[in-house]
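All ligand and atom numbering here is 1-based and tracks the order in the structure.
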Amino acid sequence: MFEVVKRDGLARIGKFHTRSGVLETPALLPVVNPKIFTVTPRELYDEFGFRALITNSYIIKNNADLKERALEEGLHKMLDFEGVIMTDSGTFQSHMYGEVEVTNEEMVQFQKDIGTDIGTVLDIFTEPYWTKEETAKSIEVTLERMQVACDMKGEMMINGVVQGSVYPDLREYCAEKMATMDVDVHPIGGVVPLMEQYRYLELVDVIVSSKKGLNPNRPVHLFGAGHPMILALATLLGCDLFDSASYAKFARDDRLMFIDGTFRLADMQSLDCNCPACRGHTLESLKKLTKDQRTKVIARHNLYQITSELALVKRYIREGRLWELVEMRCRAHPALLDALRRIKEHSEFLELTEPISRDGAMFYTGVESRARPLFNRYEKRVMERYVPPTDKAAIFPDSGKPYSRAWAAEFDKVRRSGYTPIVISPFGPVPADLDEIYPLAQSLFPKLTDAETENTADALTFDFIEKMGFVEVKEYDEIDNDGTMEYDADQLRARAISNYQFGIEATNALFRGKIDIVKSRKTGKIRNVISDGEHILSLRAGDGLYTLRAEGAARILASVPSPFMRVVVNDDSVPFVSEGRNAFCQFVLDMDPEIRPMEEVIVVDKNDKFLATGRALLIKKEVESFKKGIAVKVRSGNGDEA
Ligand code: GUN
Ligand code: ZN
C-alpha cells in the first residue's frame, strides 16, 4: 500500500508499506551484487540508512552456492539485511548479454521461494533503437508475462515494468494495461541506454507518457536511474523509486559521482568533498590506497552523494519548491537543460497536479522557469475569466510589488480617466485588481529581464488587449487629463479575484445585492466579502485568494450545476464531514475533474446537499485510485459553521 504524505505537483513524499517495513519515498535502492559486496548490506542499512536494496535473482539462481543458501535461509538472512528487498529478474542480463535461458514462471517462482519482498516479471527490455512494430510486439509478450506473474505472486509484491522504448503512445498503452493488473510497483524500464547516452530529453517524454497511463496509487520506479544529477528531475516528473549500480561500478573504475557529473580520479584537480568517506583524504592519499581500499572509499563517497541529494529533494518537496531545485540541477549539463526545456511540452499534463498556490514565493531562475505550469494556468485564466470594468486600457511597466502600492497614484489617475490599469509582468498582462494573488505577488524575478520573457510578456499582453476588446490602449504616461470618473477599487478587486478564482458564472452567483467589504485595519487589505448581509468569502493574506464560506458555497450550489467545484461523498461519510472532519478518498463518489490541488471545494452528499467547504489535496484521478488518505481538508461543516 502506498500513501502520499506530501506532494509538490507530480512529486511526492510517500509511505510504501511492505512486509519488511514502511519505506519512505522518494528512495533509492542500492544495487547489491550478491557475489561481491562493495559495501555490505549491513553497512548500507546501519551507516547510510538505506531501508531498501535491490539485488538480482537471476545471478543468485545461476550460482549453485548462492541459490542453495538463498533457498535455505532466505534472502534477508543471506544478505543480512532487514529492510525491504527488491529483486530483478534477469531482464537486464538479456539486455547486456542477449537471451537468458529461464522462463518468466521460473523466475517469479524463484523470487517467491527466496523470500524477496518485491519481485520482478521477466519483462522484455525495449531498446531505444527498436522499430515501433518490434516494440509493440514485445510489449504484448511482457503484458502476458505480467498477467502470469500477478496470478502467481501470492504474498510477494510484484514489479510491473512499463516498456515501450522511445514511443510515447506505446509507453502510455503499456502503462494503462499494467495499471489494470494487480501490480504493486511500476518500474519504467528500458531507460538505461537513454541515460548512458545522455538522452535526457527523450527520458522526459518516456517518464511523462508512462505516468499518464499509470495509476497514481502505486509507486513508480525509474529502473537503473541512480545518478544524483537526475534525481530531482525524475522526482519532479513523478518517480518515487530509483536504483543505483553505478555507485559501485563507477568506484571500481575510479570514478566519483557528484551532483554536477561524474569525474575520473585521474582527471580531478582537487578533492573538494566533505562527505564522511572523503573526509581526511586528498587526491594523493586516495591514489595511494590499494585498489580495493580505494574502491570502497569511492563507492561510499558515491553513496553519500546520492543520500545527500535525496535528502535535499525531499526538503524541496516539503517546501513546495522542487521546481527550483530542478532548474538549478539541470544547468549541470546541456543534455539536462534539454530535458528541462522539454518539460514545457508537457505542461498541460503537469498543470493537472500543479497546486493552486504554494507557501512561499516563486523564484524565477531563467527562461526555463516559464515552463512551469503556473504560468500557463495564469495565462489561460486571465484570458478567459477577466472582465474589464472599462473599455480603455492603460499600460504600465513592471515595477515594485504589489503593483497597486508601487503605482498607487498613477493607477488612481488613469482610473479617474476611465482606463483600466494593466501591468506587463513576466507572467503577461496583470490587471491592477489581480496584483496580489498567487503567484503574481508571491514571485521574484531578476530586475534585468531576458529578451525571451520580455517578448512573451509583450505578446501575451497584446493578445489580452485584443481578447478584452479594449477600444483604446495607451501607455500610462500618455494619459495626462485628470478625469473625474468614480470607481471603488475594493469592489473591483473583490470581484476580479472571484472571477479569476471561481470563474464568471460562480462569481455572478456569489456577488448579489449589496456588497460590503471588510478590510484589515492593519494592512488595509480585503478580509471578508459580505453580500446581501451574508459573509460569503474571506480573503487569505498569504496567497491573496479566497476561502469559501458556507453561504458562498450554498449560492454556488444553487446556481452552478454539478459537478462544478463539488466533491461528492457517500452516506457513511456524511455525519463526519458535516462535523468538520476531513473527507477521505475511499468515501468520495464523484468529483469535478477541473479541481486542482489546494483548490477551494464544496463537499456535498449524493443529492448535492451542502456538507462542508474545504480545500482539495488531490485531483479526481488520484482520489479514485487511492484507497487511503485525505481527499479534502475540510474547514468547517454545515453542523459547525461559525
Ligand atoms: N534494470 C534496468 N532496466 C531494466 C528493465 O527495463 N527491466 C528490468 N527487469 N530490469 C531493469
Ligand atoms: Zn566524498
Side-chain angles (χ1 to χ4, degrees), residues 29 31 33 48 54-59 86-97 100 102 104 107-108 111 116 118-128 130 135 138-139 141-142 145-146 149 158-166 171 174-175 178 183 185-196 203 206-207 210 220-228 239 241-247 249-251 254-259 262-263 265 268 270-283 285-286 294 296-309:
L29 287 61
V31 175
N33 182 334
F48 294 90
I54 177 166
T55 189
N56 198 297
S57 63
Y58 178 78
I59 296 176
M86 180 187 278
T87 47
D88 204 349
S89 55
T91 299
F92 197 67
Q93 280 65 28
S94 71
H95 155 72
M96 296 288 286
Y97 314 111
V100 288
V102 283
N104 177 48
M107 285 318 300
V108 175
Q111 294 175 81
T116 186
I118 309 163
T120 303
V121 63
L122 187 68
D123 52 319
I124 296 178
F125 195 102
T126 52
E127 303 286 348
W130 281 12
T135 307
S138 80
I139 286 176
V141 178
T142 295
R145 292 182 183 180
M146 194 66 241
I158 192 89
N159 271 330
V161 188
V162 178
Q163 293 287 354
S165 179
V166 290
R171 286 275 172 188
C174 183
M178 293 265 175
V183 163
V185 179
H186 288 291
I188 298 175
V191 293
V192 169
L194 294 180
M195 293 186 289
E196 284 171 348
L203 183 66
V206 164
I207 297 173
S210 304
V220 174
H221 180 146
L222 194 60
F223 242 151
H227 200 294
C239 298
L241 299 171
F242 305 91
D243 64 275
S244 173
S246 329
Y247 77 93
K249 276 192 199 151
F250 288 0
D254 282 340
R255 291 203 285 168
L256 285 82
M257 290 157 107
F258 286 96
I259 192 60
T262 310
F263 301 93
L265 186 61
M268 288 171 66
S270 66
L271 182 66
D272 42 31
C273 180
N274 218 353
C275 83
C278 294
R279 214 167 285 153
H281 272 297
T282 60
L283 283 183
S285 72
L286 259 188
R294 191 164 61 243
K296 283 202 152 58
V297 173
I298 298 176
R300 291 188 132 75
H301 158 88
N302 290 343
L303 286 170
Y304 279 118
Q305 295 297 307
I306 290 168
T307 52
S308 74
E309 178 65 0

Between Thr87 and Thr116, is there a side-chain donor-acceptor contact under 3.5 Å, judged purely by atom types and distance?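 Result is yes, a qualifying pair exists.
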Protein heavy atom at shortest distance from [atom]:
| atom | result |
| --- | --- |
| atom 3 (N) of ligand 1 | Phe125 CE1, 3.4 Å |
| atom 11 (C) of ligand 1 | Asp88 OD2, 3.3 Å |
| atom 7 (N) of ligand 1 | Asp123 OD2, 2.8 Å |
| atom 2 (C) of ligand 1 | Phe92 CD1, 3.4 Å |

Might you point out which heavy atoms bring Val100 and Gly90 nearest each other, and give the distance in Å?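 Looking at all heavy atoms of both residues, the shortest contact is CG1-O, 3.6 Å.
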So which heavy atom on Met146 is nearest to which on Gly160, and how close?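 Taking every non-hydrogen atom into account, SD-CA, 3.3 Å.
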So among Thr142, Asp123, Thr135, Thr91, which one has a side chain to side chain donor-acceptor pair (under 3.5 Å) with Gln163? Asp123
With respect to Gly190, determine whether any N or O atom, backbone or side chain, lies less than 3.5 Å from an N or O atom of ligand 1. yes
What I want to know is whether Gln163 and ligand 1 share at least one N or O pair that is separated by under 3.5 angstrom.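 Yes, Gln163 has an N/O under 3.5 Å of an N/O on ligand 1.
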Taking only heavy atoms of [X] into account, list the atoms of ligand 1 that are under 4.0 Å away from them.
| X | result |
| --- | --- |
| Thr120 | 9 (N) |
| Gly189 | 5 (C), 6 (O) |
| Val192 | 2 (C) |
| Thr91 | 7 (N), 8 (C), 9 (N) |

Under a 3.5 Å distance rule, please check whether [X] uses its side chain to pair with a backbone N or O of [Y] as donor and acceptor.
| X | Y | answer |
| --- | --- | --- |
| Glu309 | Gln305 | no |
| Tyr247 | Val31 | yes |
| Thr262 | Met257 | no |

Looking at His301, the N/O/S atom that lies nearest to the Zn ion (ligand 2) is called ND1
SG (Cys278) - the Zn ion (ligand 2) - SG (Cys273) angle, nearest 10°: 120°
So Phe125 and His95, would you call those rings parallel, tilted or perpendicular, with 30° and 60° as cut-offs? parallel
